[in-house]
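Presented below is the structure to which this report refers.
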Amino acid sequence: MSKANLLDRRRVVSTLLANRKDVVAIGGLGASTNDMCAAGDHARNFYLWGGMGGAAMIGLGLALAQPKLPVLVITGDGEMLMGLGSLATIGLQKPANLSIAVLDNEAYGETGGQTSHTSAAADLVGVARACGIKDSQSISTMAEVEAFAKAVHDVSAGPRFANVKIDSANLERILPIRDGTYIVNRIRGDLGFQPI
C-alpha cells in the first residue's frame with residue numbers, strides 16, 4: 001500500500017468510538033490517548049499516561065472484571081510491540097468482550113518518530129493469531145474500520161484484534177485529563193461502583 005493511501009488516525013478513532021453505547025475504551029500511551037480525547041472525552045475513557053506496553057493488559061483486566069461490557073483497547077504499534085506478551089495472555093484467557101485496535105503508523109511517535117519494527121518484519125496480526133486470537137485482521141479501509149467498530153459490541157465472539165494502517169501525520173495534541181485517580185473513579189462511577 002502506498003503511503004498516500006494510509007488512513008487518517010483521528011478519523012479511524014472517531015469511527016471506532018462514534019456509536020460506542022456502553023463500550024469502555026482504553027487508550028494506549030501517547031497519540032492514541034490524544035486521539036480518543038479528540039473524538040470526545042467520555043466517562044468510560046481510560047487514558048494511559050504511563051506504563052508503555054500495558055494498554056492490552058489493562059483492557060484484559062477490565063474485560064475479565066466486566067464480561068458483559070464491550071472493552072476496546074486503542075493503542076499504537078510501538079506500545080503494542082512493548083506488550084507482545086499480553087497477546088499470549090489474552091489468547092489464553094479468551095475474553096469474549098475484548099477488542100484491540102492497533103493504530104500502526106510504523107513509527108515510534110512518542111520517542112521521536114523512529115521507524116518501528118512493523119515497517120519491516122514484525123507482523124502484529126500474525127503474532128496475535130499465533131497467540132490464539134483467531135479473529136485477527138489487518139485493516140486498510142474505512143469500511144473495514146466501520147465493520148470492526150460494529151463487531152466491538154458483540155461480547156460473545158471475541159477476543160478480536162485489528163492492526164489498522166494509519167498515516168504518520170504529526171497532529172496537534174488534544175490532551176485529556178491527567179489525574180489517574182479521577183479517571184479511575186470516573187469510570188467506576190459510570191459503571192455503578194463507589195470511588196476508591
Side-chain angles (χ1 to χ4, degrees), residues 8-87 89-90 93 95-105 108-111 145 148-149 151-155 158-162 164 166 170-196:
D8 175 274
R9 67 178 314 125
R10 293 260 164 97
R11 185 171 172 216
V12 166
V13 174
S14 291
T15 300
L16 289 172
L17 297 174
N19 296 307
R20 69 184 292 161
K21 299 175 187 160
D22 55 354
V23 170
V24 178
I26 296 93
L29 183 68
S32 53
T33 279
N34 299 334
D35 295 338
M36 280 176 49
C37 187
D41 187 33
H42 193 281
R44 292 192 180 194
N45 282 359
F46 185 89
Y47 303 118
L48 186 61
W49 284 108
M52 187 169 182
M57 289 306 284
I58 291 170
L60 173 62
L62 278 167
L64 293 175
Q66 299 293 321
K68 294 181 181 178
L69 288 178
V71 176
L72 172 62
V73 174
I74 302 173
T75 192
D77 53 309
E79 206 271 347
M80 190 71 255
L81 285 164
M82 287 289 292
L84 286 180
S86 63
L87 296 177
T89 305
I90 291 165
Q93 294 289 320
N97 58 329
L98 179 62
S99 301
I100 301 167
V102 176
L103 306 175
D104 185 1
N105 64 358
Y108 295 109
E110 293 307 300
T111 60
V145 172
F148 186 82
V152 165
H153 297 282
D154 182 352
V155 297
R160 63 189 58 80
F161 179 94
V164 186
I166 60 165
N170 190 4
L171 303 171
E172 176 188 355
R173 292 184 174 162
I174 309 298
L175 300 176
I177 303 157
R178 291 186 147 195
D179 183 333
T181 303
Y182 173 81
I183 293 168
V184 168
N185 285 330
R186 182 172 75 160
I187 289 174
R188 286 180 59 83
D190 202 66
L191 295 178
F193 298 103
Q194 294 296 315
I196 52 173

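Quick note: numbers below take in every heavy atom, side chains included, and nothing from hydrogens, waters or symmetry partners. Remember, predicted model here, so these are calculated numbers, not experimental data. Index from 1, following the sequence.
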List the steps and the verdict of side-chain contact (heavy atoms from CB on, under 4.5 Å) for I90 and I100. CA-CA 10 Å; I90 291 165; I100 301 167; 3.6 Å; yes
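R44 places a side-chain heavy atom less than 4.5 Å from the side chain of L191. The side-chain heavy atoms of N185 and R188, taken from C-beta on, include a pair separated by under 4.5 Å. No side-chain heavy atom of P70 sits under 4.5 Å from any side-chain heavy atom of R20. Between T181 and V184 there is no side-chain heavy-atom pair separated by less than 4.5 Å. Between P176 and T33, some side-chain heavy-atom pair lies under the 4.5 Å cut-off. A 4.5 Å side-chain heavy-atom check between L48 and E79 finds at least one atom pair inside the cut-off.
Shown here for G59 and V73, the closest heavy-atom pair between the two residues is CA-CG2, 3.7 Å. For A43 against I187, the heavy-atom pair with the smallest separation is O-CG1, 3.2 Å. Contact between N97 and K68 at its shortest, heavy atoms only, is ND2-N, 4.4 Å. Here the closest heavy-atom approach between residue F148 and residue A101 is recorded as CE2-CB, 4.0 Å. Considering every non-hydrogen atom in both V13 and A39, the closest pair reads CG1-CB, 4.4 Å. Looking at every heavy atom in both residues, P95 comes nearest to L64 through CB-CD2, 4.2 Å.
Counting only distance, with no hydrogens or angles, the side chain of H42 and the backbone of V23 share no donor-acceptor pair below 3.5 Å. No donor-acceptor distance shorter than 3.5 angstrom exists from the side chain of Q93 to the backbone of L60, with no hydrogens or angles considered.
Shown are T15, D35, N34; of these, the side-chain hydrogen bond (donor to acceptor under 3.5 Å, both in side chains) with R10 is made only by D35. Results of the side chain to side chain contact (heavy atoms under 4.5 Å, CB included) test with L62 over I26, L72, L98 single out I26 as the only residue that passes.
M80 contributes atom CE, which lies 3.5 Å from atom OG of S86 (distance to the nearest 0.5 angstrom). For the atom pair CD1 (I166) and CG (D8), the distance works out to 8.5 Å, reported to the nearest 0.5 Å. Note: R11 CZ to L16 CG = 12.0 Å, rounded to the nearest 0.5 Å. One distance of note links CG of L103 with OG1 of T75; it measures 7.5 Å at 0.5 Å rounding.
Not counting sequence neighbours, D22 has no partner by the side-chain hydrogen bond (donor to acceptor under 3.5 Å, both in side chains) test.
Heavy atoms from other residues, nucleotides or ligands lying under 6.0 Å from CG of D41 number more than 12.
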